[in-house]
*Asks:* 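Pasting in a structure now, in structure tokens, and then I'll have a few things to ask.
These numbers come from a predicted model, not from an experiment. Count residues from 1 along the sequence.
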Amino acid sequence: MAGEGQMLRAAREEKQWSLRFTEDTTKIRVRYIQALEEENYGILPGTTYVKGYLRTYAKHLGLNPDEIIQLYNNSPEVKETVKILETPDHIPLKKSPNWVRPLAAGIMAVLAIGIVVGVAEWSHNTPEKPSNSAYSPSVLPSAPSQAEAASPKQNNNQSNSKNNTPNNTQNDQNNSQASSTSPSVLAATQDGLTAQLEFKQSCWVVVQADGQPVFQGTFPAGTTKVVKGSNKIELVTVGNAGGLNVTLNGKALPSLGSSGQVIRNVIFTPETLKTL
């Protein structure tokens with residue numbers, strides 16, 4: 001019967017998961033994943049962490065976590081390290097000498113007396129504040145008259161109405177022209193390439209544009225990413241092809257693959273638009 005480490009590795013290789021993709025999916029570091037698959041538990045923090053990592057790893061791979069934990073508990077290395085620690089009950093408790101309590105009580109009494117005397121001296125030496133202190137409020141500026149306040153507003157309103165008349169007419173013309181063009185037409189006629197990535201499922205991707213890296217990582221379901229390039233957009237790696245929808249310049253592309261399938265080097269160019 002295969003050990004728990006061999007079962008974990010076989011399940012990961014069957015899914016075609018790389019160690020880096022497995023780390024992003026399970027949130028377990030690569031060195032710990034390798035230790036679990038090689039059953040090298042010495043580098044892990046302890047038994048509790050080992051069981052927690054085994055259970056998490058097994059769930060993500062679709063294995064039975066209880067079966068993996070049972071195989072781990074039955075391994076010879078684990079049985080040899082289990083020891084029962086007993087606390088001896090014949091060691092008598094140390095008792096404090098009889099003079100400690102009276103001494104502590106005397107020290108506390110002296111400190112209390114010192115605090116009372118200090119507070120009394122401080123209150124006796126503190127000067128009293130004068131009861132009748134003069135207060136003269138500062139003079140506030142007077143409000144402007146109604147005629148002064150009305151004249152600037154009228155002038156500003158007249159100048160604003162004159163300046164805004166041609167601007168409003170031009171804005172109305174621009175808005176009417178923008179509304180007549182639909183978003184799909186704009187996306188199809190714009191310069192360069194624009195790819196919209198919609199993640200239906202959790203998926204690991206590595207993306208480049210014009211030969212330069214744009215972003216990489218694992219993105220959960222519901223995430224949308226937009227990539228722009230002049231001549232080429234490349235999906236270097238897609239860890240779950242069935243969980244990703246791609247729209248190129250407003251045109252939906254066919255499915256890249258099935259769920260869980262790993263694909264590489266998917267390239268979009270202006271020629272791709274002509275084939276859609």
*Asks:* Quick one: are Val262 and Val238 in side-chain contact, heavy atoms under 4.5 Å?
*Replies:* no
*Asks:* Can you confirm whether more than 12 heavy atoms, excluding those of Glu14, are under 6.0 Å from its CD atom?
*Replies:* no
*Asks:* To the nearest 0.5 Å, how far apart are CG in Leu44 and OH in Tyr53?
*Replies:* 7.0 Å
*Asks:* Could you tell me if the side chain of Met7 sits less than 4.5 Å from the side chain of Leu71, heavy atoms only?
*Replies:* yes
*Asks:* Could you work out, with side chain to side chain contact (heavy atoms under 4.5 Å, CB included) as the rule, every residue matching Pro45, not counting sequence neighbours?
*Replies:* Tyr32, Tyr49
*Asks:* Could you tell me whether a side-chain N or O of Asp210 sits under 3.5 Å from a main-chain N or O of Ser230, the two making a donor and an acceptor?
*Replies:* yes
*Asks:* Would a 4.5 Å heavy-atom cut-off, applied to side chains only, mark Thr237 and Val205 as touching?
*Replies:* no
*Asks:* Indicate, with yes or no, if Val206 and Ile267 share a hydrophobic cluster defined by side-chain heavy-atom contacts under 4.5 Å among Ile, Leu, Val, Met, Phe, Trp and Tyr.
*Replies:* no
*Asks:* When you measure from the side chain of Ser18 to the backbone of Phe21, do you find a donor-acceptor pair of N or O atoms at a distance under 3.5 Å?
*Replies:* yes
*Asks:* Taking the side chain from Arg12 and the backbone from Trp17, do they hold a donor-acceptor pair closer than 3.5 Å?
*Replies:* yes
*Asks:* Does the side-chain contact (heavy atoms from CB on, under 4.5 Å) test come out yes or no for Asn240 and Ser202, once each step is laid out?
*Replies:* CA-CA 8 Å; Asn240 181 11; Ser202 178; 6.0 Å; no
*Asks:* Checking the side chain of Lys232 only, and the main-chain atoms of Gly229 only, is there a donor and an acceptor separated by less than 3.5 Å?
*Replies:* no
*Asks:* Whether the Glu39 and Tyr72 side chains hold a donor-acceptor pair (N or O, under 3.5 Å, no angle test) is what I'd like checked.
*Replies:* no
*Asks:* Rounded to the nearest 0.5 Å, how far apart are NZ of Lys15 and NE2 of His60?
*Replies:* 10.5 Å
*Asks:* Taking Asn40 for the side chain and Gln34 for the main chain, is one N or O donor matched with an acceptor at less than 3.5 Å?
*Replies:* no
*Asks:* Checking Glu13 now: which residues fulfil side chain to side chain contact (heavy atoms under 4.5 Å, CB included) with it, not counting sequence neighbours?
*Replies:* Arg9
*Asks:* Do you see a donor-acceptor pair shorter than 3.5 Å between the side chains of Gln70 and Asp66?
*Replies:* no
*Asks:* Does the distance from a Lys or Arg side-chain N to an Asp or Glu carboxylate O, for Glu198 and Lys225, drop under 4.0 Å?
*Replies:* no
*Asks:* Any side-chain heavy atom of Ile28 sitting closer than 4.5 Å to one from Tyr57?
*Replies:* yes
*Asks:* Over all heavy atoms of both residues, which pair between Ser255 and Gly257 is shortest? Give the atoms and the distance, please.
*Replies:* OG-O, 3.1 Å
*Asks:* Tell me whether Thr223 contacts the main-chain N or O of Pro220 through its side chain, where contact means a donor paired with an acceptor under 3.5 Å.
*Replies:* yes
